[in-house]
Amino acid sequence: MNQNDKIELKLNAKTETGKRSVVVSGARPSGDIHLGNYAGAVANWVALQDTYQCFFFIADYHALTTNYQDTSLLRQRTLNMVADYLACGIDPDKTTLFLQSSIPEHAELSLLLSMLTPVSWLERNPTYKDLLNQLTNLEIRTLGFLGYPCLMAADILIYLAEFVPVGEDQLPHLELTREIARRFNYLYGTVFPEPDALLTKSRVLPGTDGRKMSKSYDNIISFSDTPEIVRRKVMSMVTDPARIHKTDPGHPEICTVFAMHKEFNPHEVDEIESLCRAGQIGCIDCKKRCASRIAEIHTPIHEKRENLLANKSYLLDILDRGASVARPRAQEMLAIVREAMKIGFGSGALPG
Ligand code: TRP
Ligand code: SF4
């Protein structure tokens with residue numbers, strides 16, 4: 001196969017299912033989706049489905065990079081994530097939703113890319129350095145953890161993604177993806193486009209204690225919480241500590257409840273801001289309004305995900321459907337990459 005054939009195959013792969021630009025993103029099966037994820041990544045994914053050809057996957061290989069020692073929750077967490085995504089509005093008729101490990105071509109491409117990825121690129125990755133210092137209990141001085149960005153590059157490049165919706169923390173990984181693609185193209189001929197980030201809006205939703213909403217702080221409101229628990233969590237949120245009496249003027253900018261109004265209650269947020277500053281609304285009333293607005297969003301998603309979780313075979317079907325769309329594309333790309341690298345002899349061809 002010469003260079004031109006390669007490029008033609010690549011174009012075929014691209015236009016097979018329509019001409020929309022390809023978007024790829026993944027998320028580790030970390031547990032249940034919470035309101036912070038919903039306001040950030042998930043809402044973004046839902047919004048992209050109409051405009052782009054989206055490949056979204058549960059990154060279970062990636063989960064192993066830090067949690068290989070205890071995989072007991074991996075399957076349940078994966079199912080929970082699928083149920084949460086569907087309940088939040090990911091539409092399997094629009095989006096290819098699948099499980100990373102059901103397409104082992106991701107792993108093969110990662111291996112091939114690892115051959116040309118300098119260790120120094122991986123070691124200088126800031127996320128790697130941070131996590132190495134933070135997760136001292138996990139024994140993650142492993143090849144898999146160091147090579148994580150290489151696997152992520154494979155995830156992205158295998159579908160010839162043009163755009164990758166990620167949070168700011170993932171930007172160094174995306175830059176590495178671009179560098180790996182560039183190096184591959186330089187060595188073996190142009191195969192991969194360099195993908196661009198679609199930055200998820202960086203506004204961080206605070207959790208019930210006022211710190212960033214995160215599972216590791218135990219301050220989340222998740223879609224697995226019952227409506228009653230959600231109401232209690234909202235009612236116990238930290239507010240402006242200077243407000244003791246209803247008539248004390250408040251400072252909404254430092255209040256967690258206000259941050260929730262800002263994110264989820266656009267119609268009332270201005271009114272609440274002025275009532276709070278003027279000392280004309282009590283924090284309890286304000287929280288009640290917040291709780292009922294959050295319930296409007298949370299309760300239907302919670303109920304839907306509970307129903308979905310009761311039907312495991314349906315969830316597995318959705319993942320299978322996604323994999324059957326993703327797999328032929330990944331296989332075709334692998335054939336192109338193997339050809340470019342002169343690995344093997346292609347499909348049954350004799351050595352020339
Ligand atoms: N690294 C991402 C995270 O930890 C998850 C991920 C894996 C990903 N592969 C990806 C994101 C490919 C975007 C594209 O959140
Ligand atoms: Fe926060 Fe509302 Fe109390 Fe103001 S009135 S401090 S916004 S809870």
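Order of listing sets the numbers, starting from 1, for every ligand and every atom in it.
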Which ligand 2 atoms does [X] reach within 4.0 Å, using its non-hydrogen atoms?
| X | answer |
| --- | --- |
| Thr239 | 8 (S) |
| Phe258 | 7 (S) |
| Cys255 | 1 (Fe), 6 (S), 7 (S), 8 (S) |
| Arg243 | 3 (Fe), 4 (Fe), 5 (S), 6 (S) |
| Cys286 | 2 (Fe), 5 (S), 7 (S), 8 (S) |

Q | Contact partition for Asp240 relative to ligand 2, non-hydrogen atoms under 4.0 Å | A | both
Q: Classify the contact between His251 and ligand 2 as side chain, backbone, both or neither, using a heavy-atom distance cut-off of under 4.0 Å.
A: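 It is neither; nothing of His251 touches ligand 2.
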Q. Does any donor atom in the side chain of Thr96 or Arg329 lie under 3.5 Å from an acceptor atom in the other side chain?
A. no
Q) Do we see a donor-acceptor contact under 3.5 Å between the side chains of Glu303 and Asn307? A)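 Their side chains do not contain a donor-acceptor pair, so the 3.5 Å distance test is not met.
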Q. Atom 6 (C) of ligand 1: which protein heavy atom is closest, and how many Å away?
A. Gly26 O, 3.7 Å
Q.
For atom 4 (Fe) of ligand 2, what's the nearest protein heavy-atom neighbour? Residue, atom name and distance, please.
A. Cys276 SG, 2.3 Å
Q.
Can you confirm, on distance only, whether ligand 1 has an N/O atom lying under 3.5 Å from any N/O atom belonging to Tyr148?
A.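 Yes; at least one N/O pair falls below 3.5 Å.
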Q) Would you say ligand 1 has an N or O under 3.5 Å from any N or O of Ser25? A)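 It does not: no N or O of Ser25 is found under 3.5 Å from an N or O of ligand 1.
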Q) Relative to ligand 1, is Gln100 under 4.0 angstrom through side chain, backbone, both or neither, heavy atoms considered? A)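 Neither part.
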Q) Quick one: does ligand 1 sit under 4.0 Å from the side chain of Leu151, the backbone, both or neither, non-hydrogen atoms only? A) neither
Quick test of your reading of the model: are [X] and [Y] salt-bridged, counting only N-O distances below 4.0 Å?
| X | Y | value |
| --- | --- | --- |
| Arg243 | Asp248 | no |
| Arg293 | Glu263 | no |
| Glu228 | Arg231 | yes |

Q. Short list, please: which atoms of ligand 1 are under 4.0 Å from a heavy atom of Val164?
A.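 What qualifies from ligand 1 is 13 (C), 14 (C).
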Q. Applying the ring pair (Phe, Tyr, Trp, His ring centres under 6.0 Å) test to Tyr85, which of Phe57, Trp45, Phe223, Phe98 qualifies?
A.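 That would be Trp45.
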Q) What do the steps show when you test Tyr128 against His173 for side chain to side chain donor-acceptor pair (under 3.5 Å), and what is the final call? A) CA-CA 10 Å; Tyr128 174 72; His173 295 152; over 6 Å; no
Q | Cys283 touching ligand 2 at heavy-atom level, < 4.0 angstrom | A |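 Distance cut 4.0 Å: Cys283 passes for ligand 2.
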Q: Determine, using heavy atoms of Lys287 and all atoms of ligand 2, whether some pair is separated by less than 4.0 Å.
A: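 No; Lys287 lies far enough from ligand 2 that no heavy-atom distance drops under 4.0 Å.
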**Q.** Arg211 NZ/CZ over Tyr217 ring centroid, <6.0 Å and within 45° of normal
**A.** yes
Q) Run the salt bridge (Lys or Arg N to Asp or Glu O under 4.0 Å) check on Arg178 and Glu175 step by step: do they pass? A) CA-CA 5 Å; Arg178 297 164 59 86; Glu175 195 45 45; 3.7 Å; yes
